[in-house]
Structures are given as structure tokens and as C-alpha cells.
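This is a predicted model, so every value here is computed, not measured.
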Amino acid sequence: QVKLVESGGGLVQAGGSLRLSCAASARAISSYVMGWFRQAPGKEREFVAADMSWRTSMTDYAESVKGRFTIFRDNAENTVYLQMNSLKPEDTAVYYCARARAFAREAVSYDVWGQGTQVTVSS
């Protein structure tokens, strides 16, 4: 069974950086869209970024993170990353990686999810 495991979350001051990792079981991501989502307390899960580079060079970002976050993958390592720079307190959330068969921003389109990693940005 495919498994995704996130890591790299933590506590950081506003303006700081974190790199999240999402490690997958063998060959679990090489032919799929990989996405990052986040969920803050009391809010719905929201799209953050998606990487479709197994097929094209396309990536997609939510407007709120565009220019600050970068999604990229290492297919040889079966790992997807989310580099987060210039972090803001409103980026505080549990971050999840997920896999989909086609590009989508809706969480319902992703069929495999990790357990999440907490990111807290202090002001």
C-alpha cells in the first residue's frame, strides 16, 4: 500500500524558512501529480501547491504563497519537497502532502495522503 510520510515542520519566526519533505514508498510518485495542502485550526483544508513535472514542467501555487513557496520533487528518492521562505504567521497550519492522478486544486481529487506535519510561524 502506498504511504506518504511528511517531515520538516516546526516552529519558526516570521520571515524565516522551512523545507518540508514528503517521502513515498517506491515508485509511488513518479507518474502522479503531487500536491501540498494545509489546514489551520477551524478552517478547511486548502490547496498550497502542486507539481506535475513527471509529465510537464508545470507547477501551480495558491496566490497566498506564490513567490514564497517552491514545490519540487526528486523521483529517484521518491520525495517531494516544499521550500517555504518568508514565512508569515498566517502560514501556520498542519501541512499535508497528497497524490493525484491528474492536476487538481480540490482535496477530493487526491487519493493518498500523508499524516501531516505542523508548521507554526511566530510573529
Side-chain angles (χ1 to χ4, degrees):
Q1 185 171 353
V2 174
K3 188 174 181 181
L4 303 176
V5 180
E6 302 96 333
S7 61
L11 173 64
V12 64
Q13 288 189 331
S17 298
L18 282 174
R19 177 177 290 185
L20 305 183
S21 300
C22 172
S25 50
R27 300 183 62 82
I29 68 168
S30 59
S31 300
Y32 293 89
V33 173
M34 296 301 297
W36 285 94
F37 289 75
R38 66 187 182 187
Q39 188 166 18
K43 294 188 177 182
E44 293 187 354
R45 192 168 298 191
E46 66 173 358
F47 170 80
V48 175
D51 178 85
M52 296 154 278
S53 61
W54 73 273
R55 193 171 184 177
T56 72
S57 60
M58 289 181 61
T59 55
D60 187 46
Y61 298 92
E63 283 300 317
S64 60
V65 306
K66 198 172 290 185
R68 300 187 297 123
F69 290 11
T70 302
I71 184 172
F72 60 100
R73 71 168 75 194
D74 184 338
N75 283 331
E77 296 294 328
N78 293 305
T79 302
V80 179
Y81 301 92
L82 185 68
Q83 178 67 42
M84 307 186 296
N85 299 329
S86 302
L87 282 161
K88 304 174 181 180
E90 51 263 44
D91 294 319
T92 296
V94 177
Y95 283 72
Y96 300 88
C97 69
R99 188 191 77 170
R101 296 186 181 275
F103 169 69
R105 288 188 167 200
E106 296 76 26
V108 69
S109 298
Y110 290 73
D111 62 349
V112 179
W113 291 81
Q115 82 291 348
T117 185
Q118 176 71 47
V119 171
T120 303
V121 184
S122 63
S123 58

Sequence neighbours excluded, every pair satisfying ring-ring contact (aromatic ring centres under 6.0 Å, His included) that has a member inside residues 74-97: F72-Y81
Heavy-atom closest contact (T92 atom, V121 atom, distance): OG1-N, 2.9 Å
Point-to-point distance, once rounded to the nearest 0.5 Å, from CG of L82 to CE of M34: 11.5 Å
Spacing of E6 atom CD and L20 atom CG [to the nearest 0.5 Å]: 8.5 Å
Polar side chain donor-acceptor pair, N85 to S17, under 3.5 angstrom: yes
Q83 CD to L18 CG distance, which is reported to the nearest 0.5 Å: 8.5 Å
For A107, side chain to side chain contact (heavy atoms under 4.5 Å, CB included) partners two or more places apart: F37, W113
Pairing residues for E46 by the side chain to side chain donor-acceptor pair (under 3.5 Å) criterion, not counting sequence neighbours: R38
Short side-chain to backbone donor-acceptor contact, Q115 and V5, under 3.5 Å: no
Side-chain donor or acceptor of R73 paired with backbone N/O of D51 under 3.5 Å: yes
Main-chain N/O of A23 paired with T79 side-chain donor or acceptor, under 3.5 Å: no
Any residue meeting salt bridge (Lys or Arg N to Asp or Glu O under 4.0 Å) with D74, in chain and number order, not counting sequence neighbours: none
Inter-residue atom distance K43.NZ - R45.CZ, 0.5 Å rounding: 15.0 Å
Side chain R68, main chain S86, donor-acceptor under 3.5 Å: yes
Spatial distance of atom CZ (F47) from atom CH2 (W36) [nearest 0.5 Å]: 13.0 Å
Contact summary for G116 and V94, nearest pair of heavy atoms: CA-CG1, 3.8 Å
R105 side-chain N/O to Y61 backbone N/O, donor-acceptor pair under 3.5 Å: yes
Where at least one partner belongs to residues 64-123, residue pairs that pass disulfide bond (SG atoms under 2.5 Å apart), sequence neighbours excluded: C22-C97
A93 backbone acceptor or donor facing Q39 side chain under 3.5 Å: no
Those residues that, when tested against S122, pass side chain to side chain contact (heavy atoms under 4.5 Å, CB included) (two or more places apart): L11, Q13
